[in-house]
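Here's the structure we're looking at; comments come further down.
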There are 2 protein chains.
Amino acid sequence: MTKGHVRLADVAKAAGVSQGTASNVFSRPEVVREEVRERVLGIARTLGYNGPDIKGRLLRAGRVNAIGVASVEPLAYFFEDPWARALMTKIAAVCDATGTGIALVSAQNQQKLAWNINSALVDGFILLCVEGGERLVELTRRRQLPFIALALGGADTSIPVIGIDNLAGAAMAARYLADLGHRRFAVLAIDHFDEHVGATGPGPAARSLKSTSRDRLLGYWQTLAEFGIERESVPVHGTRSDRSSVDTALNALFAAPQPPTAILAMSDRIALFAMQWLTERGIEVPGDVSVIGFDGVPEAATAEPGLTTIAQPFDEIARRAVSAILDDALPDAQETLDVTLVIRDSTAPPRS
Amino acid sequence: MTKGHVRLADVAKAAGVSQGTASNVFSRPEVVREEVRERVLGIARTLGYNGPDIKGRLLRAGRVNAIGVASVEPLAYFFEDPWARALMTKIAAVCDATGTGIALVSAQNQQKLAWNINSALVDGFILLCVEGGERLVELTRRRQLPFIALALGGADTSIPVIGIDNLAGAAMAARYLADLGHRRFAVLAIDHFDEHVGATGPGPAARSLKSTSRDRLLGYWQTLAEFGIERESVPVHGTRSDRSSVDTALNALFAAPQPPTAILAMSDRIALFAMQWLTERGIEVPGDVSVIGFDGVPEAATAEPGLTTIAQPFDEIARRAVSAILDDALPDAQETLDVTLVIRDSTAPPRS
DNA sequence: CGGAAGATTTGAACCGATTCAAAATTTACG
DNA sequence: CGTAAATTTTGAATCGGTTCAAATCTTCCG
């Protein structure tokens with residue numbers, strides 16, 4: 001057999017045509033005389049040449065036809081986290097329609113992440129900025145490729161961002177429960193803080209938070225205030241978005257003399273963990289306690305009971321993000337999309 | 001500012017060194033005299049050059065440091081299907097540890113798929129062969145990169161495959177239920193057939209099936225035979241692995257005069273749909289009907305009740321698959337891994 | 001001071017294709 | 001048949017780096 005690799009040049013020589021013609025046979029066949037085309041293709045087959053190597057083409061064309069989705073979380077995050085999954089599903093659908101590939105970029109540590117971002121073969125990046133978003137943006141910027149950040153709050157308007165109206169969404173959630181008659185609330189936050197914020201008052205909380213959770217918290221507070229509920233009376237517990245930290249928070253919450261009748265969870269993931277905890281302890285949802293989530297992931301719909309939540313327009317986010325990269329249509333300003341309240345069975349008026 | 005792009009050559013010229021030295025500054029800094037290195041780096045910064053472009057390096061090095069995971073399903077499949085997700089989670093973990101990227105390859109139609117496989121910038125492929133596996137293998141083969149097929153049954157031993165012992169797994173499932181005392185079984189298959197196989201007898205079923213479902217079916221049959229249960233008496237219903245086709249199958253099944261007391265589902269996904277259907281109709285699991293799945297996806301553990309199932313060693317599969325690509329350690333023969341029975345709460349003795 | 005050994009730097013080839021102006025060939029037509 | 005127009009083919013440049021043998025520069029030592 002042929003040792004080494006067969007290159008286009010080899011085929012061209014063997015077929016007795018110029019490399020330019022050989023190239024055309026594969027990439028613009030209509031321009032080559034049929035007879036020649038057949039011959040070249042024949043020779044190619046004989047030599048075991050299977051069309052142009054993508055690497056050469058790429059170098060020349062400069063376009064990869066793939067977009068990178070990056071996050072500071074480990075790679076498995078894309079498949080494990082409900083929010084990431086919901087988003088990726090939609091992004092995947094859009095990419096599928098346009099014939100674009102998806103490259104997952106991530107790494108355990110910052111250094112590896114930097115390397116991975118620099119060496120990812122993509123035409124641009126979609127950044128999942130759950131945490132440490134600024135750092136991710138910083139790394140990506142260097143790459144000098146189009147990118148768009150998701151879920152990144154922040155003052156820096158030079159960063160193209162597609163976000164959602166966290167403040168309004170949280171307000172909607174709080175208002176819905178307050179309208180149902182609830183007055184004793186508790187918040188389960190996305191971020192983790194060392195002290196239980198509920199105990200230390202609202203000051204440090206607002207300061208130490210990432211913008212997503214800050215806005216959601218503000219939205220809750222703002223609306224509850226309208227109902228005469230003061231910040232200080234609403235315990236806020238940080239979590240790590242995993243089962244055990246949610247359990248810890250709930251243990252503390254329900255050990256108190258006046259446990260909440262309504263739980264404002266900053267994500268569906270946390271809300272679902274909370275529902276599990278409650279159900280396992282015989283606390284009825286929504287009978288004893290109402291739970292409302294945030295995000296609108298598919299799992300919220302199939303949970304038992306169905307989780308009332310604030311739904312993000314994943315479709316729209318995905319569509320805009322992909323088009324921002326592919327059509328180089330980066331938004332001028334930071335785009336903020338609206339969220340909607342989806343009412344299911346995890347919320348009801350408090351037991352009187 | 002600099003118009004166009006800054007190339008390594010530009011930096012070299014501006015710094016008054018050869019391109020070779022400039023290259024070394026970035027890729028093998030220890031070989032360049034410190035003074036020169038500093039100067040070149042300084043110039044680079046001034047010019048806005050952020051290190052070697054990956055495309056050039058790639059062309060030369062030939063290695064991408066990414067593996068492709070391909071499937072004939074749409075791209076969203078990777079994030080939506082529980083089995084794919086479970087596998088991807090593990091693959092992602094392994095890749096994370098080795099600093100390898102993941103590129104998702106897939107397409108709506110065969111033609112696009114071929115194109116996508118050919119143009120994916122990867123060092124090798126892991127093939128998720130749920131359906132149409134042979135075609136996928138065929139396409140990938142042309143690419144002349146290392147690849148390994150998962151879940152591909154078949155006689156062709158020239159294809160490197162990591163599989164599981166479907167026959168033994170199915171046998172284990174059937175035996176467990178039969179030992180519990182069940183005698184009236186029904187099978188929910190992964191494949192879809194036009195006619196309900198149960199009605200037409202076992203012949204066509206075995207013939208028309210993909211190897212995975214064929215082996216599982218054979219495993220069921222084989223073991224049930226030991227308990228004196230004949231093939232003909234076990235209805236086998238095809239599904240499309242979606243809610244509605246499972247519903248259809250169950251409707252037919254439970255409309256019969258003697259509905260089954262035990263359901264052998266060929267995947268957890270199907271089993272979970274079945275449990276939902278049963279629960280919604282007030283049929284108790286495992287009180288009235290026992291359900292056993294196959295695969296061992298995470299969702300099986302958190303379902304209510306927990307789903308008894310045959311667990312695949314996802315960890316091991318992922319580890320071997322990735323290493324097969326990265327270390328070019330393609331298995332000589334087809335590897336078959338063992339599965340294990342995981343007993344949860346969806347199975348119990350039949351109501352006497 | 002001469003020369004060997006070691007440390008740096010150079011320059012050109014190479015990776016595998018695409019592209020395009022110019023040359024060669026074919027076709028069309030008076 | 002001659003020539004203009006249209007169609008094909010050619011050849012060399014280019015994409016943006018890496019690599020390595022050879023050339024040059026430093027050190028070190030007798």
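Convention: sequence-line order gives letters A, B, ...; per-chain numbering from 1.
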Could you list all N or O pairs between the protein and nucleotides 14-18 of chain C that sit under 3.5 Å apart?
{"from": "dC14(C)", "atom 1": "O2", "to": "Arg60(B)", "atom 2": "NH1", "distance (Å)": "3.1"}
{"from": "dC15(C)", "atom 1": "O4'", "to": "Arg60(B)", "atom 2": "NH1", "distance (Å)": "3.4"}
{"from": "dG16(C)", "atom 1": "N2", "to": "Gly56(A)", "atom 2": "O", "distance (Å)": "3.4"}
{"from": "dA17(C)", "atom 1": "OP1", "to": "Tyr49(A)", "atom 2": "OH", "distance (Å)": "3.0"}
{"from": "dA17(C)", "atom 1": "OP1", "to": "Asp53(A)", "atom 2": "N", "distance (Å)": "2.2"}
{"from": "dA17(C)", "atom 1": "OP2", "to": "Leu8(A)", "atom 2": "N", "distance (Å)": "2.8"}
{"from": "dA17(C)", "atom 1": "N7", "to": "Gln19(A)", "atom 2": "NE2", "distance (Å)": "2.9"}
{"from": "dT18(C)", "atom 1": "OP2", "to": "Ser23(A)", "atom 2": "OG", "distance (Å)": "2.3"}
{"from": "dT18(C)", "atom 1": "O2", "to": "Arg60(A)", "atom 2": "NE", "distance (Å)": "3.3"}

Taking only residues two or more places apart in sequence or in another chain, which ones pass side chain to side chain donor-acceptor pair (under 3.5 Å) with Gln111(A)?
none

Let me see the working for Asp10(A) and Arg7(A) under salt bridge (charged side-chain N to carboxylate O under 4.0 Å, His left out), right down to the final yes or no.
CA-CA 5 Å; Asp10(A) 300 328; Arg7(A) 297 189 302 286; 3.8 Å; yes

Would you give me the side-chain donor-acceptor pairs under 3.5 Å for residues 59-73 of chain B, sequence neighbours excluded?
{"from": "Ser71(B)", "atom 1": "OG", "to": "Glu73(B)", "atom 2": "N", "distance (Å)": "2.9"}

For the pair Arg135(A) and Glu138(A), find out whether any cationic side-chain nitrogen is under 4.0 Å from an anionic carboxylate oxygen.
no

Give the angle between the helix axes at the two ends of the helix from dC1(C)-dG30(D) to dG30(C)-dC1(D), taking five base pairs at each end and rounding to 10°.
50°

With sequence neighbours left out, what residues match Glu38(B) under salt bridge (charged side-chain N to carboxylate O under 4.0 Å, His left out)?
none

Residues which pass side chain to side chain donor-acceptor pair (under 3.5 Å) with Ser18(A), listed by chain and number, not counting sequence neighbours
Thr21(A)

Between which nucleotides of DNA chain D, read 5' to 3', does contact with chain A run, using atoms under 4.0 Å from its heavy atoms?
dT8(D) to dG16(D)

Test item: Phe79(A) and Ile91(B) side chains (from C-beta on) under 4.5 Å apart, heavy atoms:
no

Ser241(A): partners by side chain to side chain donor-acceptor pair (under 3.5 Å), with sequence neighbours left out
none

Please enumerate all residues that pass salt bridge (charged side-chain N to carboxylate O under 4.0 Å, His left out) together with Arg39(A), with sequence neighbours excluded.
none

Are any of the side-chain heavy atoms of Leu8(A) and Phe26(A) separated by less than 4.5 Å?
yes

Asp96(B): partners by salt bridge (charged side-chain N to carboxylate O under 4.0 Å, His left out), with sequence neighbours left out
none

Which residues in residues 31-44 of chain B have at least one heavy atom lying under 4.0 Å from any atom of DNA chain C?
Val32(B), Arg33(B), Val36(B)

Suppose we screen for side chain to side chain donor-acceptor pair (under 3.5 Å). Which residues come up paired with Arg45(A), at least two apart in sequence or across chains?
none

